[in-house]
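A short worksheet on the structure shown next.
Note that the structure is a prediction, hence the values are computed from the model and not measured.
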Amino acid sequence: MSTVNTDPRAAARAAFWQALSERLDSLRAMSGHELVNALNELLQPLFPNLAAEVLGDPPAFKLVLTAHGAEDDFEDLMALVQSAPALPQLEVEAFRQRMREGFSMRMNDFELATTDVLVKHEPYRGLVALEIGFAKPIPMDMQDHARHMSMIMLDHILGEYDFAVKVGPVDHVEADAHADFDGVPLDDFVRLFDACWRDDLGHTGVFPVGEHAWSGLTATREAEDGSEIEMVVMRNDAANALLGRADLGHRLSAAIPVDSGEELDEARVYEDRLTALLQTHENGCCTHVVLEEGVRTIHFHIAHPEAAIAHAQSLQAESELPVTLDLAFDPTWKSYRIWLA
């Protein structure tokens, strides 16, 4: 029995690759600028917030798809690239990658080089906070313009994904404080950024093995009527190693009412079984558990949403628990990071 895919985003993905496949021979005959325009003409009607760029010279070239750093569009971008068919002499890549150091940028008759942009950094709630200054005098009427350019240059040197997902607050030094600012040139910053992410923050990207360490936390939040709601949180400290991994950008939450000790035990059994299933082949990790107002909500970051939901629903059917599932795209792990402070 055949089924019809009613997901409009899946249909859009299929339509783009079908159109590209049908025009591939003519696309290969185009020049670089003409090729980029033609690719975007195919892409824009289906994904207006994405753009196509080209590396290399036809007939063999790399198609780079970008969301211009807009995190809200990363899910569409990543799904589009993952659905790409194998096409001869065509490589498909998600996100603008890192540029080599030693470049400069000129906008509106104003030029900045990577040696002109100075950066300091520090860990901040699971991300890397930045402070930016300049190594050369910037005219007062160009301060805002220079700051805007420095953000573009950071995006270029860190790469689109890392700049959007791994960078926290960004502050700029006041105009009269540049002379005393002791940041490092942008050329030297990438290795410091990577070391901070890996060593200081502990985001190694390596899936934790063995028994995971957990921390217990308590907090309150304000209800709509102004009253305080108490929360008990169990945080998986080992999950911190995986924060920011591009293949674990979806968060699956399972909320279970627990009004008695027996129901709490049943919820824990469900949690343990789902955790075991998702950790198989490193397909997911339980990040934290929140208990509030008689509801125990288990949070996972997962690699394959459809498979994870199928596992969760199968276990729910077996246990007959009233589980409410929720799926969200959360590449920066916001729901987990709030418990790191």
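Put simply, the side chain of E131 never gets that close to the backbone of D171: no donor and acceptor are under 3.5 Å apart. Side-chain N or O atoms of S314 include none that pairs as donor or acceptor with a backbone N or O of H311 at under 3.5 Å. Between the D272 side chain and the V269 main chain, no donor and acceptor come within less than 3.5 Å of each other. The closest donor-acceptor contact from the side chain of E271 to the backbone of A267 lies at 3.5 Å or more, if one exists at all. In this structure, Y270 contributes its side chain and V323 its backbone to no donor-acceptor pair below 3.5 Å. With D330 contributing its side chain and K334 its backbone, the two residues share a donor-acceptor pair below 3.5 Å. Checked by atom type and distance alone, the side chain of S227 never pairs as donor or acceptor with a backbone atom of A223 at under 3.5 Å. Using modelled atom types, no side-chain atom of D265 and backbone atom of E262 make a donor-acceptor pair closer than 3.5 Å. A donor-acceptor distance shorter than 3.5 angstrom exists from the side chain of Q97 to the backbone of A94, with no hydrogens or angles considered. A donor-acceptor pair under 3.5 Å is absent between the side-chain atoms of H172 and the main chain of D144, judged by distance alone.
One distance of note links CG of D187 with OG1 of T115; it measures 6.5 Å at 0.5 Å rounding. To the nearest 0.5 Å, atom OG of residue S104 and atom CG of residue L112 are 9.0 Å apart. Atom SG of C286 and atom NE2 of H301 lie 10.5 Å apart (nearest 0.5 Å). Rounding to the nearest 0.5 Å gives a distance of 6.0 Å between OG1 of T287 and CH2 of W333. Residue L65 holds its CG atom at 12.5 Å from CE of M78, rounded to the nearest 0.5 Å. Remark: L158 CG to W197 CH2 distance equals 11.5 Å, nearest 0.5 Å.
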Could you please spell out the steps behind the side-chain contact (heavy atoms from CB on, under 4.5 Å) verdict for N236 and H288? CA-CA 6 Å; N236 184 356; H288 60 295; 6.0 Å; no
Check the pair D76 / R13 against salt bridge (Lys or Arg N to Asp or Glu O under 4.0 Å), numbers first and verdict last. CA-CA 9 Å; D76 271 345; R13 294 193 292 269; 5.0 Å; no
Are L80 and L43 close enough, and set up right, to give a side-chain contact (heavy atoms from CB on, under 4.5 Å), and what steps lead you there? CA-CA 11 Å; L80 181 59; L43 182 65; 3.8 Å; yes
Decide salt bridge (Lys or Arg N to Asp or Glu O under 4.0 Å) for D57 and R28; before the verdict, give the C-alpha distance in whole Å, the side-chain angles of both, and the deciding distance to 0.1 Å. CA-CA 9 Å; D57 298 317; R28 294 190 192 284; over 6 Å; no
Test side-chain contact (heavy atoms from CB on, under 4.5 Å) applied to I302 and L248, step by step: CA-CA 5 Å; I302 56 174; L248 296 173; 5.5 Å; no
Test log, rule side-chain contact (heavy atoms from CB on, under 4.5 Å), inputs H212 and D237: CA-CA 7 Å; H212 293 187; D237 298 331; over 6 Å; no
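Taking the charged nitrogens against the carboxylate oxygens, K62 and E53 have no contact shorter than 4.0 Å, which rules out a salt bridge. Salt bridge absent: E75 and R9 never bring a charged side-chain N and a carboxylate O closer than 4.0 Å. Ion pair D25/R23 not flagged as a salt bridge, since none of the NZ, NE, NH1 or NH2 atoms sits closer than 4.0 Å to an Asp/Glu carboxylate oxygen. A salt bridge links R245 with D247: the closest approach of a Lys/Arg side-chain nitrogen to an acidic carboxylate oxygen falls below 4.0 angstrom.
T66 and E160 share a side-chain donor-acceptor pair at under 3.5 Å.
Q313 has its side chain out of reach of E318: every pair of non-hydrogen atoms, C-beta onward, lies at least 4.5 Å apart. Contact annotation: the side chain of L186 never approaches that of S150 to less than 4.5 Å [non-hydrogen atoms, C-beta and beyond]. Counting only heavy atoms from C-beta outward, the side chains of V289 and H299 never approach each other to under 4.5 Å. A heavy-atom distance below 4.5 Å is not found between the side chains of R125 and L340. The shortest distance between side-chain heavy atoms of R296 and R268 falls below 4.5 Å. L217 places a side-chain heavy atom less than 4.5 Å from the side chain of R235. Residues L252 and D326 are not in side-chain contact: their nearest non-hydrogen atoms beyond the backbone lie 4.5 Å or more apart. With a 4.5 Å cut-off on side-chain heavy atoms, L63 and L20 count as touching.
Residues that satisfy the ring-ring contact (aromatic ring centres under 6.0 Å, His included) test with H121, not counting sequence neighbours, are F189.
With hydrophobic clusters built from ILVMFWY side chains whose heavy atoms lie under 4.5 angstrom apart, F163 does not share a cluster with Y124. Under the 4.5 Å side-chain heavy-atom criterion for grouping Ile, Leu, Val, Met, Phe, Trp and Tyr, V258 is not connected to I298 through any hydrophobic cluster. Hydrophobic clustering, with ILVMFWY side chains joined whenever heavy atoms are under 4.5 angstrom apart, keeps V295 apart from L325. Under the 4.5 Å side-chain heavy-atom criterion for grouping Ile, Leu, Val, Met, Phe, Trp and Tyr, I256 is not connected to V232 through any hydrophobic cluster. By the criterion of side-chain heavy atoms lying less than 4.5 angstrom apart, applied directly or through intervening Ile, Leu, Val, Met, Phe, Trp or Tyr residues, V233 is grouped together with I338 in one hydrophobic cluster.
The two residues N49 and H68 have their closest heavy-atom pair at O-CD2, 4.3 Å. Here the closest heavy-atom approach between residue L327 and residue P305 is recorded as CD2-CB, 3.8 Å. Closest of all the heavy-atom pairs between W339 and A219 is CZ3-CB, 3.8 Å. A255 approaches T297 most closely through the heavy-atom pair CB-OG1, 3.6 Å. When every heavy atom of L201 is checked against every heavy atom of N240, the shortest pair comes out as O-ND2, 2.8 Å. Between Q143 and I138 the shortest heavy-atom distance is NE2-O, 2.9 Å.
With respect to R221, the side-chain hydrogen bond (donor to acceptor under 3.5 Å, both in side chains) criterion is satisfied by exactly one of E230, E228, E292: E292.
By the 30° and 60° cut-offs, the orientation of the rings of F74 relative to F95 is perpendicular. Aromatic ring orientation, H148 versus H145: tilted (interplanar angle from 30° to 60°).
Other residues, nucleotides and ligands contribute more than 12 heavy atoms inside 6.0 Å of the CZ atom of R106.
Other cluster members for L118: V173, F181, joined by side-chain heavy-atom distances under 4.5 Å among Ile, Leu, Val, Met, Phe, Trp and Tyr.
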